[in-house]
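The figures that follow rest on heavy atoms only: side chains count, while hydrogens, waters and symmetry mates do not. The model shown is predicted, which means the values in this text are computed figures rather than measured ones. Proteins come first, then strands; the chains are lettered A, B, ... in the order of their sequence lines, and each starts at number 1.
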Amino acid sequence: MGDMRRNVDWYKLIIRSILEKGDKRDVNQWFKKRLQNSNRKAYEESVFAKAKADVYAEVDSEKKGNGKD
Amino acid sequence: MANDYLQRSDLTNVLTSEFDRRVPIYLNKFHWLYDFFNTGKLTGQSTRHKGEDYYKIPIQTSVVESVYPSIEMQDTPDALNPTWNQGQLALKKIVGSVAFSEESLVLSNGPNTFIDTWKRNTQGLIMALRKDLSCYLQGTGDGSLGVVASADDGADTITLDSARHIRKGMVLDVYDNDASPNEEAADLVVDYVDYPNNVVYFSGSPNLSGVAADSKLFKAGSHPTTQNPDRAPMGLGVIVDDDTGSYLGLSRDTYKYMKAIVADGDSPGTPQALTWDRILDLDLAMRQGSYGETADMVYTSAKVERKFYQLMRDEGQPIERMPRKDGMPGGLKLVLSGKELPVYGDVHGVPNTMFFLNKSNMLKYTGGETGWATRGSGSPFHKIADKLAYECIYRFWVNFAGVWPEANGRLNDITE
């Protein structure tokens, strides 16, 4: 099945959504599965890595901001 | 999904003719993008599984190249003929139906009650077909209408990457993004769409607990299968692309000329500002790759069209509007390669992206008859088995292809 090209914003949305119910391991597992069907693996890997780093940094700073850290 | 019959109670209890005056009859409008494409000629038919007609599409890969500088008494150069490859294209069937009871036809007392309603339903159906077609024209051929970002079972909502193809009243299935897709939810009835936030509300408290991120929404019963991974016609998402997958049956990794000209931002996948240099670089690559064939129009999202307007303004360029003409909407004007191109921003356009389309190389292919199925009786009214009720089926066979892939271009990663 073909798939549209996804950008960093879309990956961030998905990673956020997975983190609501799961953890970082679930994020990696989901991406591993997604990558199996991809026709543009190098692109997906770089965009995913950037989105992941951004989201994790955001989550960390939110935690600190909430005094939960 | 069961038939939703037009019944007499719909006509008498709801007073359809009164209702007509307040609600526009044509909820879905005809889409001009389909009309923009030229019609391609089909040759070499064969049939694939499930009655799908398969056609051979000639792909020209080079022109005559036997031109050399020469001197006196030099042997004449060897001829170098143009080269071709052969792509394959399957026609996709699109079907729509309306059903109504005997009573709605024979017991309606108002002089035009049935006819008015019938006209609205059938014309609305045809427009819905073309509206869905315009959605498929943006996609990759899988027929999906949106991708799940998250689902909330308690609130009966699914948040999508973009809800632009979803409308109230649609009945949808959700499938995961696997090579053998698995159903996660079925027959979800769209109750309301919060477009600014891309949230779709469903009626009837459906079970959404199994709906995962990255899954896709399809019209109920039209989901892809392992055997039929691409149920819908191909769209710009796959025609104007440069990934390594297969296009027209040819691997873009092996046959690199099957790639369209695609330009990403500095960091692929991260949106950045639209600039003239980005547009010009893409145009130059297209002109060189396609032997002078250049784009005839630019198709983009409504928000990117706005960014294009701002770019024109900031660069001090004259901002001109292309008038609404020949069934095409009004748009902005871009002068590129000495040619005037209309720039159309559409609510269905792929976000963050501009498509530069060449009219003579972006073709639509149709087969068989387009219209109401009238086999047997010659009438479009078919009696439904075991019921004194009727249905009319509208159908056509269509697909799209760019036959000189490098004549079409795509600029990704544009900030909206």
Side-chain angles (χ1 to χ4, degrees), chain A, chain B residues 138-144 147-152 159-162 175-181 198 212-214 216 223-226 228-232 234-238 241-247 251-253 262 264-265 267-271 350-353 410 412-414 416:
Chain A
M1 184 166 27
D3 199 13
M4 292 293 282
R5 181 185 183 281
R6 307 288 172 193
N7 66 18
V8 169
D9 294 336
W10 182 81
Y11 268 109
K12 283 167 79 170
L13 200 66
I14 300 285
I15 294 168
R16 278 260 174 199
S17 140
I18 295 171
L19 286 178
E20 275 175 24
K21 290 175 186 168
D23 56 18
K24 291 181 179 180
R25 211 170 25 190
D26 296 321
V27 173
N28 289 335
Q29 267 176 359
W30 165 79
F31 181 68
K32 204 172 155 189
K33 192 181 161 196
R34 175 174 171 79
L35 205 60
Q36 284 170 358
N37 303 321
S38 176
N39 290 323
R40 37 178 105 77
K41 287 189 167 56
Y43 168 82
E44 302 262 357
E45 273 169 346
S46 84
V47 176
F48 173 70
K50 186 171 184 343
K52 198 166 70 166
D54 285 357
V55 172
Y56 290 175
E58 284 166 21
V59 170
D60 283 349
S61 83
E62 281 162 20
K63 274 184 189 166
K64 281 175 190 160
N66 291 335
K68 289 177 185 169
D69 196 30
Chain B
Q138 327 291 326
T140 60
D142 62 3
S144 70
V147 180
V148 176
S150 61
D152 188 332
T159 304
L160 300 177
D161 64 332
S162 167
Y175 279 79
D176 67 13
N177 199 20
D178 205 86
S180 319
N198 297 311
D214 202 24
K216 293 177 177 176
H223 63 86
T225 60
T226 311
N228 265 82
D230 295 318
R231 186 67 70 89
M234 292 196 296
L236 300 179
V238 64
D241 204 359
D242 68 344
D243 65 22
T244 56
S246 174
Y247 168 59
S251 159
R252 280 177 156 148
D253 206 19
V262 178
D264 292 328
S267 171
T270 304
V350 178
N352 308 107
T353 309
R410 170 176 177 164
N412 288 324
D413 306 327
I414 302 168
E416 290 201 335

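When heavy atoms are compared at a cutoff of 4.5 Å, B:Ala151 approaches chain A solely by way of its backbone atoms N, CA, C and O. No part of B:Pro351 comes within reach of chain A, as not one of its non-hydrogen atoms sits under 4.5 angstrom from that chain. Only the backbone of B:Leu160 comes within less than 4.5 Å of a heavy atom of chain A; no side-chain atom from C-beta onward does. Contact of B:Ser162 with chain A is not made at all, since no heavy-atom distance falls under 4.5 Å. For a residue to count as touching a neighbouring chain, one of its non-hydrogen atoms must lie under 4.5 Å from one of that chain's; by this rule B:Val148 touches chain A with the backbone only.
Separating the CG atom in B:Asp152 from the CD atom in A:Glu20 is a distance of 9.0 Å, to the nearest 0.5 Å. For the atom pair OG of B:Ser150 and CD1 of A:Ile14, the computed distance is 8.0 Å after rounding to the nearest 0.5 Å.
With sequence neighbours excluded, the residues forming a salt bridge (Lys or Arg N to Asp or Glu O under 4.0 Å) with B:Asp161 are A:Arg6, listed by chain and number.
Closest approach of B:Ala149 to A:Ser17, counting heavy atoms only: O-OG, 2.6 Å. Across all their heavy atoms, A:Val47 and B:Pro268 have their closest contact at CG2-O, 3.3 Å. Here the shortest heavy-atom pairing between B:Thr244 and A:Arg40 reads OG1-N, 4.5 Å.
Side-chain atoms of B:Asn352 and A:Asn7 include a donor-acceptor pair closer than 3.5 Å.
Between A:Arg5 and the options B:Asp264, B:Asp243, B:Asp241, a salt bridge (Lys or Arg N to Asp or Glu O under 4.0 Å) holds for only B:Asp264.
With hydrogens and angles disregarded, no donor-acceptor distance shorter than 3.5 Å links the side chain of B:Thr140 to the backbone of A:Met4.
Contact tally against chain A (heavy-atom pairs below 4.5 Å) for B:Asp214, B:Val238, B:Asp253: the top residue is B:Asp214. No other option in B:Asn412, B:Asp413, B:Thr270 has as many heavy-atom pairs under 4.5 Å with chain A as B:Asn412.
Identified by a heavy-atom distance below 4.5 Å to chain B, the contributing residues of residues 21-33 of chain A are A:Lys21, A:Trp30, A:Lys33, in residue-number order.
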